[in-house]
Amino acid sequence: MPAAVRSDLTAARGRVVALAERRGQDPEQVLAVERLSHLSGVEPARIPRVLAGTAAELPLYERVHQRFLRLRATRRDKHGREWPLAAIAEDFDAPGASLGPLNAGTGLLRLGHAAGVQRFFGVYAGFLLADSKSAVERALATTGSGAGDGPAGGRPAGGADDLEHLSYLTGITPRAIRLTLDGDPPRLPLKEQVRERFEHLRRTRPREDGQPHSLTAIAGSFDASGQSLTRLAQGEGLPNLAAAAGIQRFYGVESGFLLADDTEALTAALRGIERELESAERPAENPMLAVMRAHDVRSIVTRAGKLSPGGWKSLADHLDDLLAREGQLGRPALPAAPGTGDRPARATNAEGEAP
């Protein structure tokens with residue numbers, strides 16, 4: 001999801017500060033740079049710049065390399081030593097040499113190996129892939145909500161609508177959700193899981209005309225060919241790491257959507273719903289003001305005011321396409337520019353990474 005439509009990190013940090021103060025905790029300790037770095041994998045020196053919105057995003061290969069080094073440096077063995085590459089790789093039946101390029105920063109690892117590394121260190125499924133802003137947002141949410149304990153409030157009511165909504169958010173079938181909630185999550189091979197999640201995204205986040213986005217359109221968003229996704233769509237192989245990042249960015253889902261196991265994906269969805277419910281309990285306010293506060297609309301409108309009528313049409317088209325991908329098209333949208341009455345179209349790549 002483009003950074004411009006993500007929630008404002010400054011506002012998120014402010015909410016955590018307020019919550020910490022209400023609980024009698026020191027905000028400086030709750031939001032210590034080292035703690036945020038540990039949770040997000042972002043280098044401590046970059047945290048203040050990411051929070052301020054001034055940090056340039058790193059290329060995918062460099063980001064994954066730095067996150068891996070950060071894992072080894074901060075999650076050590078019982079003797080306080082870094083885990084050897086051989087021990088990490090052995091956990092997912094691979095040779096230690098397969099992690100050599102990643103450790104040296106000379107290449108990307110395979111998707112299955114990325115899943116294995118994250119599982120070995122016990123971090124969330126998108127840890128290696130998330131861009132800095134997403135990673136820090138997640139760390140702030142974790143810090144503020146006490147996530148890490150089980151989802152509060154117990155299981156949902158369990159009706160068909162509940163399961164369908166959770167299915168939409170996670171890519172897990174309603175039946176698999178029921179099994180997961182009952183403590184018996186099904187275990188799919190990674191290749192099958194990724195294929196099912198990919199097909200779920202195509203089915204539930206269609207174009208405005210109701211048709212799935214083509215493989216060519218999806219792959220084109222990260223400068224690849226549609227053929228590069230054919231084997232994934234047919235269940236015959238896994239995408240490479242850059243393609244997985246591109247697919248998730250194209251559909252505006254969390255960086256671990258394709259990799260998270262059912263329990264983790266469902267837990268994250270329940271926490272999101274919990275936060276929505278907590279927000280709904282707060283005193284009602286003008287919905288337009290709420291949107292403006294949450295998404296820094298003023299700066300967007302200030303820049304958009306300089307657009308020509310054709311530019312306003314392109315902006316409306318871009319917003320409708322993003323809403324379609326996230327299943328929000330049926331909900332009220334921002335008003336069009338004066339003198340226009342337009343809508344739909346295409347989104348562009350947020351980071352421009354090639355696989």
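Note that the structure is a prediction, hence the values are computed from the model and not measured. In what follows, residues are counted from 1 in the order of the sequence shown.
With sequence neighbours excluded, no residue forms a side chain to side chain donor-acceptor pair (under 3.5 Å) with Asp91. Evaluation of the side chain to side chain donor-acceptor pair (under 3.5 Å) rule for Arg197 yields Asp262 as partners, not counting sequence neighbours. Arg70 pairs by the side chain to side chain donor-acceptor pair (under 3.5 Å) definition with Glu34, Ser37, not counting sequence neighbours. In this view, Asp26 satisfies the salt bridge (Lys or Arg N to Asp or Glu O under 4.0 Å) rule with no residue, not counting sequence neighbours. Scanning for side chain to side chain contact (heavy atoms under 4.5 Å, CB included) contacts around Asp209 gives Arg207, Gln211, with sequence neighbours left out. Glu21 pairs by the side chain to side chain contact (heavy atoms under 4.5 Å, CB included) definition with Val17, Pro27, not counting sequence neighbours. Residues satisfying the side chain to side chain donor-acceptor pair (under 3.5 Å) criterion with Asp93, sequence neighbours excluded, are absent altogether. A search for side chain to side chain contact (heavy atoms under 4.5 Å, CB included) contacts involving Ala86 returns nothing, not counting sequence neighbours. Residues satisfying the salt bridge (Lys or Arg N to Asp or Glu O under 4.0 Å) criterion with Glu192, sequence neighbours excluded, are Arg195.
A distance-only check finds no donor-acceptor pair linking the side chain of Asp182 to the backbone of Asp184 [under 3.5 Å]. Checking side-chain atoms of His65 against main-chain N and O of Leu102 turns up a donor-acceptor pair under 3.5 Å. The backbone N or O of Ala224 sits nowhere less than 3.5 Å from a side-chain atom of Ser228 that would complete a donor-acceptor pair. Under the 3.5 Å distance criterion, the side-chain polar atoms of Thr180 are matched with a main-chain donor or acceptor of Ala176. With hydrogens and angles disregarded, a donor-acceptor distance shorter than 3.5 Å links the side chain of Arg76 to the backbone of Ala73. Between the Gln193 side chain and the Leu258 main chain, a donor and an acceptor come within less than 3.5 Å of each other.
The number of heavy-atom neighbours closer than 6.0 Å to CD of Gln227, taken from other residues, nucleotides and ligands shown, is 12 or below. At most 12 non-hydrogen atoms from other residues, nucleotides or ligands lie less than 6.0 angstrom from CD of Glu90.
Closest of all the heavy-atom pairs between Leu229 and Ala243 is CD2-CB, 4.5 Å. Nearest heavy-atom pair, Ser98 versus Pro95, reported as atom, atom and distance to 0.1 Å: OG-O, 2.6 Å. Here the closest non-hydrogen pair linking Leu58 and Gln66 is CD1-OE1, 3.6 Å. For the residue pair Pro174 and Glu164, the shortest heavy atom distance occurs at CG-OE2, 3.6 Å. Nearest heavy-atom pair, Ser255 versus Leu129, reported as atom, atom and distance to 0.1 Å: O-CD1, 3.7 Å. Across all their heavy atoms, Val30 and Ala20 have their closest contact at CG2-CB, 4.0 Å.
Residues Leu232 and Val194 form a side-chain contact, since some pair of their non-hydrogen atoms from C-beta on lies under 4.5 Å apart. Contact check for Glu57 versus Arg63: side-chain heavy atoms found under the 4.5 Å cut-off. By the 4.5 Å heavy-atom criterion applied to side chains, Ser225 and Thr216 are not counted as neighbours.
A continuous path of Ile, Leu, Val, Met, Phe, Trp and Tyr side chains, each step under 4.5 Å between heavy atoms, connects Phe68 with Tyr61, placing both in one hydrophobic cluster. No continuous path of hydrophobic side-chain contacts links Leu163 to Leu179 [ILVMFWY only; heavy atoms under 4.5 Å]. Phe92 and Trp83 fall within a single hydrophobic cluster, where Ile, Leu, Val, Met, Phe, Trp and Tyr are joined by side-chain heavy atoms under 4.5 Å apart, directly or via other members. No continuous path of hydrophobic side-chain contacts links Leu188 to Phe257 [ILVMFWY only; heavy atoms under 4.5 Å].
For the atom pair CD of Glu199 and CD of Gln234, the computed distance is 10.0 Å after rounding to the nearest 0.5 Å. Distance check, rounded to the nearest 0.5 Å: CZ of Arg67 to CG of Leu71 gives 9.5 Å. Between Gln25 atom CD and Leu19 atom CG the span is 7.5 Å, to the nearest 0.5 Å. The CG atom of Leu85 sits 4.5 Å away from atom CG of Asn103, with the distance rounded to the nearest 0.5 Å. Rounding to the nearest 0.5 angstrom, the gap separating the OG1 atom in Thr173 from the NE2 atom in His200 is 10.0 Å. Going from atom CG of Leu259 over to atom CG of Leu241 covers 8.0 Å, rounded to the nearest 0.5 Å.
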### Query
Hey, mind stepping through Phe198 and Arg203 against side-chain contact (heavy atoms from CB on, under 4.5 Å) and telling me if it holds?
CA-CA 9 Å; Phe198 180 54; Arg203 185 177 65 256; over 6 Å; no
### Message
Evaluate Glu82 against Arg75 for salt bridge (charged side-chain N to carboxylate O under 4.0 Å, His left out), listing each step before the verdict.
### Response
CA-CA 7 Å; Glu82 287 190 353; Arg75 276 93 166 163; over 6 Å; no
### Task
Check the pair Arg35, Leu31 against side-chain contact (heavy atoms from CB on, under 4.5 Å), reporting the backbone distance first and the verdict last.
CA-CA 7 Å; Arg35 185 183 185 195; Leu31 290 168; over 6 Å; no
#### Entry: Full working for side-chain contact (heavy atoms from CB on, under 4.5 Å) between Tyr251 and Ile218
CA-CA 9 Å; Tyr251 283 106; Ile218 299 168; 3.3 Å; yes
### Task
Determine, step by step, whether Arg202 and Leu215 satisfy the side-chain contact (heavy atoms from CB on, under 4.5 Å) criterion, reporting the C-alpha distance in whole Å, the side-chain angles of both residues, the deciding distance to 0.1 Å, and the verdict.
CA-CA 9 Å; Arg202 295 188 70 205; Leu215 299 182; 3.8 Å; yes
Determine all donor-acceptor pairs shorter than 3.5 Å in which one atom belongs to a side chain in residues 105-128; sequence neighbours excluded.
{"residue": "Thr106", "atom": "OG1", "partner": "Pro101", "partner atom": "O", "Å": "3.4"}
{"residue": "Gln118", "atom": "OE1", "partner": "Phe127", "partner atom": "N", "Å": "3.3"}
{"residue": "Gln118", "atom": "OE1", "partner": "Leu128", "partner atom": "N", "Å": "2.9"}
{"residue": "Gln118", "atom": "NE2", "partner": "Ala125", "partner atom": "O", "Å": "2.6"}

Using a 3.5 Å cut-off and no angle test, enumerate the donor-acceptor pairs between side-chain atoms of residues 39-55 and protein atoms at least two apart in sequence or in another chain.
{"residue": "Ser40", "atom": "OG", "partner": "Leu36", "partner atom": "O", "Å": "2.7"}
{"residue": "Ser40", "atom": "OG", "partner": "Val42", "partner atom": "N", "Å": "3.1"}
{"residue": "Arg46", "atom": "NH1", "partner": "Ala56", "partner atom": "O", "Å": "3.4"}
{"residue": "Arg46", "atom": "NH2", "partner": "Ala56", "partner atom": "O", "Å": "3.2"}
{"residue": "Arg46", "atom": "NH2", "partner": "Ser132", "partner atom": "OG", "Å": "3.1"}
{"residue": "Thr54", "atom": "OG1", "partner": "Arg49", "partner atom": "O", "Å": "3.4"}

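Here ring-ring contact (aromatic ring centres under 6.0 Å, His included) pairs that include residues 36-57, with residues two or more places apart or in two chains, number zero.
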